Protein chains: 2
Amino acid sequence: MNGQRSGKQPSADAPLGVFDSGLGGLTVVHALRDHCPNEDIIYLGDNARVPYGTRSPDTVIRYALTCAHELADRGVKALVVACNTVSSVALDELRAQLDLPITGVIVPGARAAVDASGGHRIGVLGTVGTITSGAYTRAVASLSGRAEVIGQAAPLLVALAEEGWMSGEVPELVVKRYLDPFFGPEDVPGMPRRADVGCVVLGCTHFPLFRELIVHQMRELGGRGIPVVDSAIQTALDVRAFLHDSGLGNSQATSGTLQLLVTDMPASFEEVAGRFLGAALGRVEQVDLGKPTAG
Amino acid sequence: MNGQRSGKQPSADAPLGVFDSGLGGLTVVHALRDHCPNEDIIYLGDNARVPYGTRSPDTVIRYALTCAHELADRGVKALVVACNTVSSVALDELRAQLDLPITGVIVPGARAAVDASGGHRIGVLGTVGTITSGAYTRAVASLSGRAEVIGQAAPLLVALAEEGWMSGEVPELVVKRYLDPFFGPEDVPGMPRRADVGCVVLGCTHFPLFRELIVHQMRELGGRGIPVVDSAIQTALDVRAFLHDSGLGNSQATSGTLQLLVTDMPASFEEVAGRFLGAALGRVEQVDLGKPTAG
């Protein structure tokens with residue numbers, strides 16, 4: 001987390017701001033509530049413009065700035081970018097324009113992957129935007145001189161998650177096709193193939209919904225279990241360490257509150273968000289990001 | 001087409017304005033160039049906010065208004081809404097706010113479907129927004145007291161078209177699943193099922209890319225061919241008739257020009273747009289719809 005700020009010191013009582021293009025980032029909120037239970041959280045899902053992962057870096061930066069400004073205007077003490085695509089292409093611009101500590105999910109995810117890979121290559125499933133940016137390759141290189149990354153864009157998994165098709169023949173075939181580049185050729189027909197990766201990173205906040213299917217298909221294809229890494233938990237641990245080190249942790253005795261904001265369809269967001277959050281939600285409020293911003 | 005306008009008469013020399021959430025509407029441009037070859041066309045694809053089909057009616061209306069105002073500001077003589085979702089939920093608001101003749105694709109598609117259905121029910125594949133709106137049901141009811149509509153939302157076909165997976169096992173399974181409600185129960189295992197529809201409407205401009213697959217799967221499931229209707233041609237014929245009747249047809253001796261505008265990624269739009277247009281494109285220009293509008 002980028003904790004060196006020039007301006008005023010934020011208050012420890014202020015909430016954390018978390019945003020994503022839609023509801024995937026709630027997996028990060030879930031982990032934050034486990035590991036930073038006293039923190040109040042404001043979550044913003046920009047579902048009127050979801051998905052970000054197929055858009056150009058310029059457009060993603062423009063959209064991310066409106067989300068970040070909305071949360072800054074609501075007085076958050078730090079920003080957690082719970083979206084791999086935004087974390088891949090927009091962190092520098094967000095840090096340049098906002099006087100707040102900001103963390104993404106790529107560096108925490110890369111750190112967990114380097115630990116899990118046992119010195120082997122790291123397979124990353126992500127959106128087109130995340131994979132094209134090379135952000136995981138850069139993050140892994142900065143943490144370990146040795147580890148190599150094999151990136152695979154998996155855009156249909158986002159569509160399948162939103163359609164609610166998380167099991168059955170179609171997601172199985174789609175997952176299998178996306179995992180294929182992580183394995184060597186089929187030397188003996190019908191026999192397991194050599195895995196070219198030591199772990200697989202779920203490099204999009206939607207993908208934990210396919211975690212079991214991915215674990216299963218990696219075993220089917222390679223004949224043995226391979227670790228599957230989700231950056232949400234590592235991100236929450238990084239945020240906890242930052243809050244502790246900076247003296248910004250909330251010391252209230254009660255559990256933190258959760259406020260949910262979306263840019264479209266609060267009712268349908270409420271309906272599916274529990275799946276990502278692993279818990280019941282409060283009321284979801286709709287906000288308009290259409291107004292012009294400083295960005 | 002709603003041709004009764006209160007304001008100034010537009011010029012016959014002006015271009016037609018056509019818009020869609022992305023590149024699907026180019027199938028309508030294709031048909032317009034076949035049937036109205038003298039017309040200049042400005043096409044706008046709002047691919048920075050694609051897809052519209054999963055968003056709320058309010059958000060679709062808001063986005064459609066920015067597209068329509070952009071084209072109106074460029075001096076078009078009429079608007080063709082080449083998007084089923086926008087045509088389903090936003091035509092009234094567009095007509096209220098813009099002093100231009102406006103046509104959508106639903107009524108032309110419904111007319112072609114009533115003609116093709118032979119008095120049987122009409123199956124419609126569309127986005128969630130189009131199917132939920134009931135727009136085809138209303139349009140069919142207004143044309144024929146008898147025809148009934150069976151609507152099936154098919155959002156994954158949009159994602160598959162954008163991923164370029166138009167053939168193979170995954171799109172076959174997805175198409176089959178979406179066509180299932182158009183057939184009666186499997187009375188004899190392995191034998192064709194009774195079709196409950198007399199035709200199927202491709203109620204989303206992305207779906208003509210799956211036309212052959214849908215034709216094939218309808219035959220596989222039902223044991224006989226069933227007409228598959230694409231509203232693009234009927235829309236172009238309606239526009240031609242309107243231009244003739246209103247005296248707004250362009251009388252230039254040469255073929256009309258085509259100007260392409262997008263809100264994101266002009267290069268990648270150029271790359272795939274030929275598939276929809278069935279011809280080579282000119283240069284694609286990027287425009288910004290972020291500025292506030294009268295809407």
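Residue numbering restarts at 1 for every chain, and letters A, B, ... go by the order of the sequence lines. This one's a predicted model, so the numbers in the text were calculated from it and none came from an experiment. Both backbone and side-chain heavy atoms feed into the values below; hydrogens, waters and symmetry mates do not.
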(request) Please look at Tyr52(A) and chain B and tell me whether the side chain, the backbone, both or neither of the residue comes under 4.5 angstrom of a heavy atom of that chain. (result) neither
(message) In the structure I gave you, are the side-chain heavy atoms of Gln286(A) and Leu261(A) within less than 4.5 Å of one another anywhere?
(response) no
(request) Using a 4.5 Å cut-off on heavy atoms from C-beta on, say whether the side chain of Leu157(B) contacts that of Cys204(B). (result) no
(request) Measure Thr54(A) against the heavy atoms of chain B and call it side chain, backbone, both or neither at under 4.5 Å. (result) backbone
(message) Counting heavy-atom pairs closer than 4.5 Å to chain A, which one of Pro51(B), Ser268(B), Pro155(B), Ala153(B) comes out on top?
(response) Pro155(B)
(message) I'd like to know which of Val170(B), Asn47(B), Val50(B) tops the heavy-atom pair count under 4.5 Å against chain A.
(response) Val50(B)
(message) Could you check whether any side-chain heavy atom of Glu186(A) comes within less than 4.5 Å of a side-chain heavy atom of Leu221(A), counting everything from C-beta outward?
(response) no
(message) As an exercise, state the distance from CZ of Arg49(B) to OG1 of Thr59(A), rounded to the nearest 0.5 Å.
(response) 10.5 Å
